[in-house]
Amino acid sequence: DISQVDMRSVELQLVGQELMTRDKVTLRLSLTVQYAIAEAATAMHSVQSVRDSVYALVQLAARDYVASVTLDALLEGRDEMTRFLSGQVAPEANAFGVRIERVGVKDVVLPNEMKILLNRVIEAEKEAAANVILRREETAATRSLANTARVMADNPVLLRLKELESLKEIAENIGEVRLVVGSN
């Protein structure tokens with residue numbers, strides 16, 4: 001009995017996989033896998049459907065990975081997930097005559113409430129960072145003021161010059177100046 005086997009690369013989409021992270025966040029994941037039959041005889045005798053078997057391998061590997069990481073780790077480490085999937089799926093697929101050429105994470109879709117919550121977290125983090133910068137600037141300004149006060153306390157003539165400079169600035173903004181000179 002002779003069967004024809006297509007050994008060209010095939011791209012398979014795993015769309016809308018509902019998965020739960022280690023920190024109990026449910027999300028939808030879309031994956032893509034590109035594969036080709038490498039050993040026709042092995043592939044035809046090992047599994048009933050190469051496509052279904054590859055689909056199941058990627059789906060199970062994705063479930064294992066997502067269940068083992070937090071949402072933050074998943075969002076920050078898509079490359080790590082891709083490496084994990086390739087490392088898990090390629091040897092198993094090879095055992096039934098299939099070569100995995102590429103596995104990738106296409107989309108991570110979060111529930112709307114989670115998006116709103118993450119936006120609030122990001123906003124709070126940015127606000128906290130801005131407050132740290134503001135406090136740092138205030139501290140630097142206060143330190144500079146304290147240094148200026150120390151220099152002026154040690155140099156009375158410098159203090160007097162600063163007073164005169166301030167009076168000059170005030171006088172420039174006033175139309176009429178009356179100077180009263182007393183005995184002191």
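All residue numbers in this chain count up from 1 along the given sequence.
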Test: Arg99 and Glu39 ion pair at under 4.0 Å: no
Audit row: Arg22, Val69, side-chain contact (heavy atoms from CB on, under 4.5 Å) steps and yes/no: CA-CA 5 Å; Arg22 189 176 78 207; Val69 297; 5.7 Å; no
Val33 side chain reached by Val10 side chain, heavy atoms, under 4.5 Å: no
For the student: nearest non-hydrogen atoms of Asn147 and Arg150, plus distance: OD1-NH1, 2.8 Å
Residue Glu80 excluded, over 12 heavy atoms near CD under 6.0 Å: no
Heavy atoms of other groups near Glu127 CD, more than 12 under 6.0 Å: no
Gln48 atom CD, over 12 foreign heavy atoms within 6.0 Å: no
Any side-chain heavy-atom pair of Thr32 and Val103 under 4.5 Å: no
Nearest-0.5 Å distance, CG of residue Leu71 to CD of residue Glu76: 9.5 Å
side-chain contact (heavy atoms from CB on, under 4.5 Å) evaluation trace for Asp23 with Asp72: CA-CA 9 Å; Asp23 51 353; Asp72 288 343; 5.9 Å; no
Side-chain (Ser53) to main-chain (Ser49) donor-acceptor, under 3.5 angstrom: yes
Minimum heavy-atom distance Gly97-Thr42, with the two atoms named: N-CG2, 3.8 Å
CG-CG distance between Leu110 and Leu75, expressed to the nearest 0.5 angstrom: 6.0 Å
side-chain contact (heavy atoms from CB on, under 4.5 Å) between Arg28 and Gln17, worked out: CA-CA 5 Å; Arg28 275 198 335 259; Gln17 300 294 306; over 6 Å; no
Reported CZ-to-CG distance for the pair Arg143 and Leu145, which is rounded to 0.5 angstrom: 12.5 Å
Backbone N/O of Val151 and side chain of Asn155: donor-acceptor pair under 3.5 Å: yes
Check: Arg78 side chain, Val105 main-chain N or O, donor-acceptor pair, under 3.5 Å: yes
Any donor-acceptor N or O pair under 3.5 Å, side chains Glu18, Thr26: no
Partner of Leu29 under side chain to side chain contact (heavy atoms under 4.5 Å, CB included), chosen from Val109, Val66, Asp107, Leu14: Val66
Gap between atom CD1 of Ile100 and atom CZ of Arg102 - 0.5 Å precision: 11.0 Å
Spacing of CD1 belonging to Ile37 relative to CE belonging to Met7, to within rounding of 0.5 Å: 7.0 Å
Between CD on residue Gln59 and CG on residue Asp52, distance to nearest 0.5 Å: 10.5 Å
Salt bridge (Lys or Arg N to Asp or Glu O under 4.0 Å) involving Glu163 - partner list, sequence neighbours excluded: Arg160
Closest contact, heavy atoms only, Ala43 versus Val50: CB-CG2, 4.0 Å
Minimal non-hydrogen separation, Ala95 against Ser46, with atom names: O-OG, 4.5 Å
Contact summary for Gly16 and Ser30, nearest pair of heavy atoms: N-OG, 3.4 Å
Under-4.0 Å salt bridge between Lys162 and Glu165: yes
Residue list, side-chain hydrogen bond (donor to acceptor under 3.5 Å, both in side chains) with Arg8, at least two apart or on another chain: Asp6
Heavy-atom pair with the smallest gap, counting every atom of Leu12 and Tyr35: CB-CE2, 4.1 Å
Flag side-chain contact, heavy atom, 4.5 Å: Ile174 against Ile170: yes
Heavy-atom check, side chain of Leu31 versus side chain of Met81, under 4.5 Å: yes
Verdict with supporting geometry, Asp79 and Phe84, side-chain contact (heavy atoms from CB on, under 4.5 Å): CA-CA 9 Å; Asp79 290 342; Phe84 176 86; over 6 Å; no
Single-linkage hydrophobic cluster, 4.5 Å side-chain cutoff, Leu60 and Tyr65 together: no
